[in-house]
Amino acid sequence: MQFINSIRQYGIFLAFLLICCFLSYASSQFLTLSNWTIIITQVSINALLAFGVTFVIIAGGIDLSVGSILAVAGVVAALLASPPDLPLIVPIFGGLLAGLVFGLLNGLIITKSKIAPFIVTLGIMTIGRGLALILSNGRPISNLSDSFNFIGGGDIFGIPFPIIVLVIVFIISYLLLKNTVFGRYVYAIGGNEQAAWASGINVNKIKMAVYALCGTLAGLAGILLTSRITTGQPNAGAGFELDAIAAAIIGGTSTSGGTGTIAGTLIGALLIGVINNGLDLLNVSSYYQQVIMGAIIIGAVLLDSWNQKRMAS
Amino acid sequence: MSIILEFSNISKSFSGNRVIDNISLQIEKGKVHTLMGENGAGKSTLMKILVGLLQPDEGEILLEGEVISGLSVHAILGKGIAMIHQEILMVPDLSVAQNIFLGKESHRFSWLNESEINTKSKRILADLKLDISPKIKVKNLSIADRQMVEIAKAISNKAKVIIMDEPTSVLSDTEVKTLFQIIEKLKSEGVAIIYISHKMEEIFQISDTLAVLRDGKLISTQKASELNSNSLISLMVGREISEIFPESKTEMGRTLISVRNLSKKGVFSNINFEVKAGQVLGLAGLVGAGRSEIARAIAGLDKYDSGIIELEGLEVPINSPSDAIELGIGFVSEDRKALGFIPQMNIRENISLSSLKSFSKLGFVDTDSETKSTQVVFEDLKVKARGLGQKVISLSGGNQQKVVIGKVLMSNPKVIILDEPTRGIDVGAKFEIYKLINTLKAKGLAIILISSEMPEILGLCDRILVLSKGKQKVILPKSEASQEKIMQYAVH
């Protein structure tokens with residue numbers, strides 16, 4: 001019984017290992033250090049967005065605006081990283097601040113107006129995209145400082161900088177959700193908002209913090225992406241919010257709130273990255289890749305609801 | 001005597017665990033058969049088997065001599081067995097008539113005939129002497145009226161057997177009277193009623209036969225007139241209950257909470273009382289008299305317009321539940337599911353929820369000290385569960401309630417407000433909660449108790465504040481209180 005339970009809990013992890021086994025059998029290039037460096041570097045942007053979105057979904061909300069926030073933050077950072085060369089801290093701080101402001105705006109409207117998060121973040125998504133285009137005059141911003149470009153393109157002892165950022169953010173998010181009072185309150189609010197409030201939790205404050213955190217992580221992802229492609233792209237990140245939500249859901253976060261883990265989301269993001277990479281290596285057309293990815297999302301949720309039914313009975 | 005329904009040697013096991021053990025029971029036409037038993041005794045499993053939600057492992061059920069076990073839920077409903085659920089299942093945005101005829105709408109070529117179902121519904125409702133318009137949306141009805149509509153729906157299905165699972169748990173005394181009148185009428189028309197309730201008083205008022213279940217077995221079937229409440233409880237729990245409400249003598253201390261001229265427009269006005277340490281104040285009145293609303297205002301869940309709340313002589317501002325909890329006011333809501341616990345969380349996480357900050361260092365939860373403290377409460381309250389790690393949603397109602405009370409006690413309240421603390425929980429757990437109230441009294445807490453069960457109010461409270469339509473009528477000391485006196489004040 002214990003064994004079956006643990007399989008259920010780690011089902012996604014097992015699926016991930018199985019797919020990795022299959023791909024290393026099917027393609028000799030798959031299980032190489034250089035390939036995995038590519039996979040994880042590519043996954044890092046989606047994982048950062050997905051960590052933030054995981055907090056939001058567990059708290060019973062949804063955030064569709066992370067892709068646009070990424071673009072705004074990227075454009076802001078690119079503008080600040082263009083000549084005259086300001087210290088590196090300025091574009092980083094500017095990008096993070098842009099993300100934070102948008103996250104707070106989401107949180108403020110959601111908690112004050114009681115409009116559904118889906119609607120609010122859909123609106124902010126459109127506003128954000130518009131602002132990114134306004135700030136950049138609709139054109140890519142290139143000619144960024146070398147120090148800024150290091151963030152996305154450089155490495156330390158051979159480890160790409162984005163991977164280092166990913167690991168640090170993963171550890172912080174993991175501890176924040178699992179071991180802090182804040183994390184516990186996030187679960188409580190998503191599980192039963194009314195009961196959490198009646199138990200003395202300041203629900204609005206926690207929700208504000210959750211959206212602010214999600215926005216800030218999207219800002220960080222924007223800085224990383226801008227630096228990696230050495231260009232501030234106002235059109236960057238379109239559709240990324242759906243990949244981030246998919247990573248969280250594949251990783252076991254329930255869209256009805258109250259359950260989910262950061263480790264699960266990381267596996268979800270890695271699974272998406274590995275499958276895309278593997279299908280590339282196997283020369284599967286990107287059209288088919290989309291079909292497969294959609295099937296995996298539905299499959300993961302089916303598996304989850306099937307598990308929950310069995311747990312309930 | 002004519003038997004309409006017969007359970008014959010029914011057994012049912014879940015993963016090797018016998019939850020229904022060889023039960024044989026006969027149900028007569030035009031009689032009320034009450035099923036009694038603690039939660040987990042097998043009442044609801046037996047009813048699920050009857051309506052076809054579960055299949056028996058052994059035995060069969062016969063309706064008028066015809067085997068119906070094994071049929072689908074829909075087929076059994078069609079045979080005339082209807083269930084009025086504890087949690088009312090209706091479509092809130094449809095009208096009363098649309099709900100009554102849901103699934104059997106009259107139509108011509110798929111074109112709905114609204115006026116016909118409205119007329120038919122009107123006739124059924126009038127037959128039941130109910131003043132409910134068939135055109136009103138169900139979401140605009142009171143819970144009591146919704147239940148009446150469910151009964152109307154069962155009648156429209158030409159039900160021969162109607163199962164009522166704790167129908168009065170959401171009703172006020174006058175509404176219960178209406179329900180009982182309807183039951184009498186159904187009886188006279190030959191409908192058999194299977195009644196499930198935990199409320200002693202009404203069981204003896206309404207039942208013809210009492211069947212007691214314990215651990216999946218049928219312990220006894222007797223005429224209601226042959227039993228009294230003490231002998232019935234003994235049958236249910238399998239041991240003698242010497243005293244339902246243990247006498248408790250406690251020294252009263254200083255005044256912990258006083259409420260002055262508390263008012264909320266259209267809800268309650270000019271409420272004045274104080275509660276001393278070691279004292280229980282009861283709030284009595286009909287449903288809608290403003291009892292829960294006063295409790296919610298003191299606990300910070302609702303705003304009030306004017307008046308003063310004083311704790312130990314100091315006026316305190318209460319604007320949110322967290323204010324109230326920090327000041328030492330604990331609140332156990334009548335709606336356990338909506339306001340009591342977080343279903344996805346386990347027992348430990350639920351018990352510590354209101355006091356989590358006291359187990360944390362620099363924002364991190366110290367799980368060791370959290371576990372230690374919650375374990376003490378868990379054991380003190382005798383929560384029946386596998387351990388602190390069990391999810392609260394999987395506990396019985398009584399144990400869920402203990403977890404909710406445990407959470408409130410964890411935040412060290414000086415004043416505790418209990419709103420219908422024994423609603424929907426079994427007799428055994430009820431007694432434990434009565435004992436707990438006396439323990440809290442002895443510890444010097446001030447307790448405000450709201451209950452619709454008169455014996456609880458009379459048995460547990462030192463003083464009883466009677467409300468009628470939001471107005472405070474009187475505060476009776478225990479020595480002067482009686483059911484008649486309270487009702488007299490409550491209805492005026």
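Quick note on labels: first sequence line is chain A, next is B, and so on, each numbered from 1.
For B:Ser352, the part lying under 4.5 angstrom from a heavy atom of chain A is the side chain only. The parts of A:Asn179 that come within reach of chain B are both its backbone and its side chain, each placing non-hydrogen atoms under 4.5 angstrom from that chain.
Applying the side chain to side chain contact (heavy atoms under 4.5 Å, CB included) test to B:Ser358 and every residue at least two apart in sequence or in another chain returns B:Ser355.
At most 12 non-hydrogen atoms from other residues, nucleotides or ligands lie less than 6.0 angstrom from CZ of A:Phe93.
Taking each heavy atom of B:Lys337 and A:Asn192 in turn, the nearest pair found is O-ND2, 3.0 Å. When every heavy atom of A:Val181 is checked against every heavy atom of B:Ser360, the shortest pair comes out as CG2-CB, 3.4 Å. Across all non-hydrogen atoms, the minimal contact from A:Trp197 to B:Leu301 is CH2-O, 3.1 Å. Among all heavy-atom pairs drawn from B:Pro321 and A:Ala198, the shortest one is CB-O, 3.7 Å. Between B:Met345 and A:Arg184 the shortest heavy-atom distance is CE-O, 3.4 Å. For the pair B:Leu353 and A:Ile201, the tightest heavy-atom approach, listed with the atom from each and the gap, is CD1-CD1, 3.9 Å.
Near-neighbour residues of residues 407-419 of chain B relative to chain A, defined by a heavy atom under 4.5 Å from a heavy atom of that chain, comprise B:Lys407.
At least one side-chain heavy atom of B:Leu356 sits less than 4.5 Å from a side-chain heavy atom of A:Tyr185.
Separating the OG atom in A:Ser199 from the CG atom in B:Leu339 is a distance of 8.5 Å, to the nearest 0.5 Å.
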